[in-house]
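Worksheet: the structure to be examined is printed underneath.
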Amino acid sequence: MDKNVIETEITMGTVHSAAIEPYRVRLFVEDEIVKDAEITVGVNHRGVERIMEGLPVEKANSLTEKICGICSGVHLWNSVLVAEKGLEIEIPERASYIRIIVAELERIHSHLLYLAHGNEVLGHETFSMRLFYIRETVMELLRMIGGNRVQYGVPIIGGIRPRAELDEMKIQKIREGLDYLEEKIKEFADRFTSDPMIMSRITGVCPIKREDALRLAVTGPTLRATGVEFDQRRKMECYDPFEFDIITQDDGDIKSNLLVRVFEIFESIKIIRQAVENLPNGAIVDRSWEMQDTDIIKSYVEAPRGTLYHSYAIEEGRVRNVVIRTPSIANIGAMQYAVIGHHITDAQLGIVQCDPCFTCTDRAIEIIK
Amino acid sequence: MLYLIIGIIGTIIIGFIVSLWLPGIERKFVHARIQQRIGPPISSPGIMAPIKFFFKQSIRPYSPLPRLYNSLPLVGLLSALLILLFIIPETYPIGALASIVAIVGFLKIEEIVYVFMGSLSKSVMSLRMPFPDLAKGAKHPNVQRSFLEDISAMRAFRLIAFGSFPIYIALFVPAIISRSIFLGDIVAYQQVHGPILFSAAGVLAAIVFFIGYMILLNEYPFVILKTKADVIEGPYLEYAAKSRAFVYITRGFLMFTLAALFSVLFLGIPPNIFTWGILVNVIIAVIFPILMASLSAFAPIFTFKQFYPVTLATSILGVVALLAAFI
Amino acid sequence: MGVKSYARARAIHAMLVYTGGCNGCDIEIVNAVFSPKYDAEQYKIFLTWNPREADILIVTGPVTQQNKKPLEEIYKAIPEPKLVIAAGACALMGGVYKNIHGDIPSEEIAGPVEEVIPVDAKVPGCAVRPEDVLAGAVSILPKLLEAK
């Protein structure tokens, strides 16, 4: 790349109107076209892995929930899965189904937040407000199941919290909510894709090629938007009873990213409907396990943004050697290459297209080459 | 003589009072209804906000020339005031300044002010945010770093170059139809032949005028100068207290002034407080922002990739209107 | 009620600063403004991203070390009279990051917001509820109206 063609540098700081989390972006431009980009994570480093060292297992699990405000449920679920794998606990089937219902509801509200935020950066306040309004239904369902709109804390070691038990009335409310969501999101998707002004803004803008995405370790919907069919849910045992498609698109640009997530919302609704219809009876928690020492256990789960990895070891009931790797660390790095050659306003949208969750990402990492 | 002074001052006062309510009407009756929410009271964005800003502490803006920077909103307000002054029929006998060419000049001042504002503003939300950027391992540590407002200034330059074509072309169509650039003659022509709006060239020119109105007021989708997506607020970032109040007032005033200009050029009804003409001007001043807000609520921000073709198409429509005016 | 207090009560500009944490509170507050269900604009509270235009500063998150100086600079840039609302458990006492009492405490938190800038209203919750933030903003308005 021609280094001497860079005219000036634009910095967008920790607090900016187009960002919902603190990060720092330096765009190196020439005549408003981006030639190089540098995204700095680390503004949000709280030292979660360090604080978790030496805590009792249950307390450490409840801390992982606070890593991120949007994808909190999936962090807690993965952390609990590590403990259950290590201590060899079998959870009852009803608990597994309810965990999947909560995880899919979280996927829906995370994708809706992404669409609303993307529209806000596009400049379309009306659509952004409509999406926030639709999202309220999901938040109310989560409040009904878990007790809080954000950070509902449903999985525990051995099953789910007794408060999150579903009875007939709650299941009926879930069905009504899903019907409402399906209708409104379909209407919105039709309206969105038939608008020529928006389509001309997002088609062909900031694409990332399939080879680059695989080389830079991108995962999740961002990878599926470039045409690679890979979903971690196919490898998870608890998803075996459910039938769903893997959604892919071809171009890897902003339009593909948006469409992948819209269709994934429909797939999640399908999974929740299957779970609610076939919900097995039985207990929801199994408390007959014993604490033992374990080696380092690893667990992978499909978060709304990609593949999430947790690992730790248990020693005398306390947690040791925690490592957490979130999908956004690679996705954000890949976006530094996707924005090259585009206008600054499009580059802002290009950074948002991978659904970055900077708070999930802030960890100290060691790169082994 | 007394007639003259009462006419001028009365019209300016009525224009000022109406313009205070326009931002509120735009926000509550259009944006909020479309977005299915309740919205603020009508007086809040237009009247109460500037009054509140007058009572805030005045600070010294971070700028190489702070006094010049603080006086620029007044220059903008003055140019809008001058346009309104020379639309009032009592001033038509002056001749030279009550003509289309003078109005084009005053609009130019309005646009150039953005360039100066953008170059002089150095806000804490852009480069001055304290962050250890140039640490070891940073990319390109020796590149010149610029503020977000400098980008705004460059964009304002481009808008001066091509963004004002639509409204200038639309301004000249009535001049061609009535064979004179003086406002007095244009109004007299329409008293005899009926409003210019009711002819083919007039309708086309009115559409082009409306789009030019949206570009001049930096309303969505033509908001690239001060969009929230990358430049936060653009040239206005360092304004606080009194200067910010003037920025708010100028916007409403410009909305009224341009609507009155439309009424003079296309309907032949100047803002004359001694006849019912002033009411027509007020009604148009309320209809234009409502129309503008309904269109802007459904549009994203246009980058230059979309801005150039739209302006080109509108200018071509304007040229067609010019040619139709000769027939 | 003079013109000054009346005008100050009818047009309030609020700026949101996120200083780290899990950003759940931050999204709930954006929800309060951008969602037609809660709609802060009907209470005459407008959202702005420019400290020069703001009257109220809403701070969420425990202040991490990298965010301490930006927060101070933004606070200094707001003209008087100004108020600060600290929203969420992290902003009030460091949240879960400072108070979980594991073997090794975190060194990345520069303390709750109170230790960096003066705070006028405290809104608890994890994550804070949108209606609580609006109630907190409304409750400290008398301080803003009576200020010099």
Side-chain angles (χ1 to χ4, degrees), chain B residues 23-24 27-28 31-62 121 123-126 128-133 135 148-149 226-229 231-234 236-245 247-248, chain C residues 2-17 19 30-56 64-83 141 144-148:
Chain B
R27 197 102 187 120
K28 174 145 182 131
H31 279 150
R33 280 287 152 265
I34 292 180
Q35 290 162 357
Q36 293 170 337
R37 58 189 177 97
I38 299 182
I42 309 182
S43 59
S44 284
I47 309 177
M48 294 298 158
I51 298 182
K52 174 197 77 159
F53 282 123
F54 272 118
F55 287 118
K56 291 208 79 155
Q57 171 204 25
S58 22
I59 46 96
R60 196 190 142 93
Y62 257 90
S121 163
S123 155
V124 76
M125 293 292 280
S126 61
R128 274 198 309 121
M129 184 81 75
F131 194 83
D133 272 323
L148 290 175
E149 298 91 316
K226 50 183 180 102
T227 153
K228 238 168 39 154
V231 289
I232 312 177
E233 258 191 11
Y236 300 138
L237 268 175
E238 276 290 296
Y239 282 128
K242 286 203 294 265
S243 317
R244 189 165 280 277
V247 166
Y248 270 61
Chain C
V3 174
K4 187 161 74 170
S5 316
Y6 187 70
R8 276 182 185 166
R10 304 275 288 187
I12 304 162
H13 285 89
M15 177 173 177
L16 175 64
V17 173
T19 59
V30 168
N31 235 352
V33 176
F34 262 109
S35 169
K37 185 170 171 183
Y38 295 109
D39 190 28
E41 271 201 6
Q42 65 183 318
Y43 306 116
K44 307 136 192 149
I45 300 180
F46 299 94
L47 186 70
T48 171
W49 290 98
N50 188 1
R52 298 293 195 193
E53 196 182 4
D55 301 315
I56 300 185
T64 50
Q65 301 283 11
Q66 300 265 31
N67 271 315
K68 183 167 169 210
K69 277 214 241 142
L71 180 62
E72 287 171 359
E73 288 294 318
I74 291 179
Y75 179 72
K76 274 197 282 198
I78 304 180
E80 295 282 346
K82 57 189 166 190
L83 295 174
L141 277 185
L144 187 66
L145 305 184
E146 303 309 319
K148 192 185 78 64

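Small disclaimer: the values here were computed from a predicted structure and weren't measured. First the proteins, then the strands, lettered A, B, ... as listed; each starts at 1.
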If I measure from the heavy atoms of chain C, does [X] come under 4.5 Å with its side chain, its backbone, both, or neither?
X	result
B/Tyr62	both
B/Lys28	neither
B/Pro50	neither
B/Tyr239	backbone
B/Ile38	both
B/Gln35	backbone
B/Leu237	both

Counting heavy-atom pairs under 4.5 Å with chain B, which one of C/His13, C/Glu72, C/Lys76 comes out on top? C/His13
Pick from C/Asp55, C/Ile45, C/Ile74 with the largest number of heavy-atom pairs that fall under 4.5 Å of chain B: C/Asp55
B/Ser126: which residues meet the side chain to side chain donor-acceptor pair (under 3.5 Å) condition with it, sequence neighbours left out? B/Glu149
Please confirm whether the backbone N or O of B/Arg244 pairs with a side-chain atom of C/Arg52, one donor and one acceptor, at under 3.5 Å? no
Those residues that, when tested against C/Tyr43, pass ring-ring contact (aromatic ring centres under 6.0 Å, His included) (two or more places apart): none
Mind checking what makes salt bridge (Lys or Arg N to Asp or Glu O under 4.0 Å) contact with B/Arg37, not counting sequence neighbours? C/Asp39, C/Glu41
Can you tell me how far the [atom1] atom of [X] sits from the [atom2] atom of [Y], to the nearest 0.5 Å?
X	Y	atom1	atom2	value
B/Met48	C/Ile12	CE	CD1	12.5 Å
B/Lys56	C/Lys4	NZ	NZ	12.5 Å
B/Ser43	C/Lys44	OG	NZ	8.5 Å

Output the residues of residues 64-71 of chain C for which the shortest heavy-atom distance to chain B is under 4.5 Å, in residue-number order; output 'none' if no such residue exists. C/Gln66, C/Lys69, C/Pro70
For the student: nearest non-hydrogen atoms of C/Arg8 and B/Phe55, plus distance: NH2-O, 3.2 Å
Most chain C-contacting option - heavy-atom pairs closer than 4.5 Å, from B/Gln57, B/Met129, B/Arg128, B/Met125: B/Gln57
Go through B/Gly39, B/Ala49, B/Ala240 and name the one with the most non-hydrogen pairs under 4.5 angstrom from chain C. B/Gly39
Quick check on B/Lys228: does its NZ atom have over 12 non-hydrogen neighbours (other residues, nucleotides or ligands) under 6.0 Å away? yes
